[in-house]
Amino acid sequence: MSFDEAARKIFNFRAQKYDGEYEAGRFKVAYHEDRLYSVLDTQRNTVTLTRERNPGAAYCKAVSLPIFPPK
């Protein structure tokens, strides 16, 4: 599987179970594999991928990243 195919699969994920919800459900954290988490921001409709040790650390990293508008 190519890197591009793997990225497409992750971005089109259907999480069976979220590992955590934060800020009244605005941010939803899902575990994938090998410490890979996705953090869905339901207000901005964005997904951040990060490698962390737990869902709380994934949430903290995702909300601290600057978000730039698309060009």
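In what follows, every heavy atom counts, from backbone to side chain, and hydrogens, waters and symmetry copies are set aside.
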When you check the gap from the basic side-chain N to the acidic O, do R51 and D34 get nearer than 4.0 Å? yes
Minimal non-hydrogen separation, A58 against V39, with atom names: O-CG2, 3.6 Å
Identify the heavy atoms of E21 and G25 that sit nearest to each other, and give their distance. OE1-CA, 3.6 Å
Just wondering, do L65 and T48 contact through their side chains at under 4.5 Å, heavy atoms? yes
Criterion side chain to side chain donor-acceptor pair (under 3.5 Å) on E52 and Y59, from CA distance to verdict: CA-CA 9 Å; E52 292 298 332; Y59 160 77; over 6 Å; no
Given side chain to side chain contact (heavy atoms under 4.5 Å, CB included), test L49 with L36 step by step and report yes or no. CA-CA 7 Å; L49 298 175; L36 177 66; 4.3 Å; yes
Identify, with sequence neighbours excluded, every residue that meets side-chain hydrogen bond (donor to acceptor under 3.5 Å, both in side chains) alongside Q43. R26
Heavy-atom side-chain proximity of Y37 to P55 below 4.5 angstrom: yes
Going by the side chain to side chain contact (heavy atoms under 4.5 Å, CB included) test, name the single residue among L40, T42, D41 that passes it with R44. D41
